[in-house]
Enquirer: 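Supplied in structure tokens, the structure appears directly below.
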Amino acid sequence: MDRPCADAQGVVAATDAQRVVAATDAQGVVAATDAQRVVAATDAQRVVAATDAQRVVAATDAQRVVAATTPAASAAGMPSLFERGYNDLILLNDSQLDNWKHYLDDNPRHLAIKRLHPDFFTTLNYIDIAEWHCQIVGNRFLLDIPQKVAVIVHSAYSDKEYAEYKKEWLACGEAGGILVSAAIATREKEVMREAMNRGYRIILVRENGFPPLYKPSGESFDACSNGRLLQICPWEYHMERRIISREQCLMLNRLAEEIAYHQ
């Protein structure tokens, strides 16, 4: 009668042993989990430390960029990252980004043309034309071509008169002559626009001069590179937004006539 009791005690002992083992395993799992957490925390600290290091390097690089663009850097003979007078622009739409990409892609061609024809892209100050001291950019030899016409549209012209003059002016361009205009009036702009589209040679009289780093852009660049454009201004460059006066318009038209018929 004592044996079943002994067996029961054995079962209880085995169960207790299993519980001990299970508890030990659980402690091992907890310990392993804690160890993993320690490792994970250590790795996280390393990541944070690496990230902080990267930030420090990035900040240092940014400081170097700023330092390289300061006047003090230039005075110390350090190389500059940007051309003097550069502009950084905020792009407001996708089309602007495409335009800038096209501009950058076309830069090598621009540079090659400017090296081949440097005189066409150099601002020459104080060229004497009659009573005026003018700045010019472009093919100055257009001044020497005798066949020139002044494109000046007076407000008194009827539509028929304008059409006849326009036909005459464009015929001059078709024959290899030069169209000279300040392109102030709307119809003057129309004639010069058509002349530019047809690839005729033109002299444009400007109200504003040329800034120190001026260079033609867009279609003006192509026209300059082909020797088809000369820009002339009798006044110095200004940055103000001005409304051209009647006296200035008359003076520019007189200059256009002087260039067309007396040069």
Enquirer: Closer than 3.5 angstrom, by distance alone: can the side chain of R228 be matched with the main-chain N or O of I202 as a donor-acceptor pair?
Expert: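 No; judged by distance alone, with no hydrogens or angles, the pair does not exist.
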Enquirer: What pair of heavy atoms forms the shortest contact from R201 to G227, and how long is it?
Expert: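 Of all heavy-atom pairs spanning R201 and G227, the closest is CD-O, 4.3 Å.
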Enquirer: Whether the side chain of R206 engages the backbone of N208 through a donor-acceptor N/O pair (distance < 3.5 Å, no angle test) should be reported.
Expert: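 Confirmed, R206 side chain pairs with N208 backbone.
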Enquirer: Consider side chain to side chain contact (heavy atoms under 4.5 Å, CB included). Of M196, E190, K189, which one does R193 pass it with?
Expert: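 In the set M196, E190, K189, the residue that makes a side chain to side chain contact (heavy atoms under 4.5 Å, CB included) with R193 is M196.
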Enquirer: Quick one: pull up OH in Y200 and CD in E174 and give me the separation to the nearest 0.5 Å.
Expert: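 It comes to 3.5 Å.
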Enquirer: Start with the C-alpha gap between E164 and Y157, add the side-chain angles, then the distance that decides, and say whether side chain to side chain contact (heavy atoms under 4.5 Å, CB included) holds.
Expert: CA-CA 10 Å; E164 291 174 351; Y157 285 173; over 6 Å; no
Enquirer: Under 4.5 Å between any side-chain heavy atoms of V153 and W169, yes or no?
Expert: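 A side-chain contact exists here, since the closest heavy-atom pair is under 4.5 Å.
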Enquirer: When rounded to the nearest 0.5 angstrom, what is the spacing between CZ in R242 and CD in Q248?
Expert: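 Atom-to-atom, R242:CZ and Q248:CD are 7.5 Å apart.
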Enquirer: Rounded to the nearest 0.5 Å, how far does CG of D128 lie from SG of C134?
Expert: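 Output value for this atom pair is 8.0 Å.
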Enquirer: Tell me if the OH atom of Y165 is crowded by more than 12 foreign heavy atoms within 6.0 Å.
Expert: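 Counting neighbours around OH of Y165, 12 or fewer heavy atoms of other residues, nucleotides or ligands fall under 6.0 Å, so no.
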Enquirer: One pair to check against side chain to side chain contact (heavy atoms under 4.5 Å, CB included): L252 and W235. What are the steps and the verdict?
Expert: CA-CA 10 Å; L252 293 176; W235 301 303; 3.6 Å; yes
Enquirer: Checking the side chain of K148 only, and the main-chain atoms of L143 only, is there a donor and an acceptor separated by less than 3.5 Å?
Expert: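 Yes, the answer is positive, given that a donor and an acceptor are paired below the 3.5 Å cut-off.
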Enquirer: Flag yes if V180 and L250 sit in one hydrophobic cluster, no otherwise; membership is Ile, Leu, Val, Met, Phe, Trp, Tyr, and two members link when side-chain heavy atoms are under 4.5 Å apart.
Expert: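 No, because V180 and L250 fall into different hydrophobic clusters, even though each may have its own neighbours under 4.5 Å.
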Enquirer: Tell me whether I136 is reachable from I259 by hopping between hydrophobic residues (I, L, V, M, F, W, Y) whose side-chain heavy atoms are closer than 4.5 Å.
Expert: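 I259 and I136: one cluster.
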Enquirer: When you compare the side chains of Y214 and Q135, does any donor N or O come within less than 3.5 Å of an acceptor on the partner?
Expert: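 No, Q135 and Y214 have no side-chain donor paired with an acceptor closer than 3.5 Å.
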Enquirer: Is there a continuous path of hydrophobic side-chain contacts, each under 4.5 Å between heavy atoms, that joins L179 to L229?
Expert: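 Yes, one cluster joins them.
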Enquirer: Within this structure, what is the CZ-OG distance for the pair R187 and S181, rounded to the nearest 0.5 Å?
Expert: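 Answer rounded to 0.5 Å: 14.0 Å.
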Enquirer: If we count only N and O atoms by modelled type, under 3.5 Å, do the side chains of E207 and H238 hold a donor and an acceptor together?
Expert: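 Yes - a donor-acceptor pair under 3.5 Å links their side chains.
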Enquirer: Begin with the C-alpha distance, continue with both residues' side-chain angles, and end with the deciding distance and a verdict on side chain to side chain contact (heavy atoms under 4.5 Å, CB included) for L230 and I178.
Expert: CA-CA 10 Å; L230 175 64; I178 313 298; over 6 Å; no
Enquirer: With a cut-off of 6.0 Å (strictly less than), are more than 12 heavy atoms of other residues, nucleotides or ligands near CZ of R246?
Expert: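 Open.
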Enquirer: Calculate, to the nearest 0.5 Å, the distance between atoms CD and OH belonging to E188 and Y162 respectively.
Expert: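 It comes to 9.0 Å.
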Enquirer: So if you build clusters from Ile, Leu, Val, Met, Phe, Trp, Tyr with side-chain heavy-atom gaps below 4.5 Å, do Y237 and V137 land together?
Expert: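 No, separate clusters.
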Enquirer: Which pair of non-hydrogen atoms, one from A150 and one from Y261, has the smallest distance, and what is that distance?
Expert: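 Result for this residue pair: N-OH, 3.2 Å.
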Enquirer: Is there a continuous path of hydrophobic side-chain contacts, each under 4.5 Å between heavy atoms, that joins I127 to I145?
Expert: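 Shared cluster, yes.
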Enquirer: Look up atom CD1 in I203 and atom CZ in R140, then write down how far apart they are to the nearest 0.5 Å.
Expert: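 If I round to the nearest 0.5 Å, the distance is 12.0 Å.
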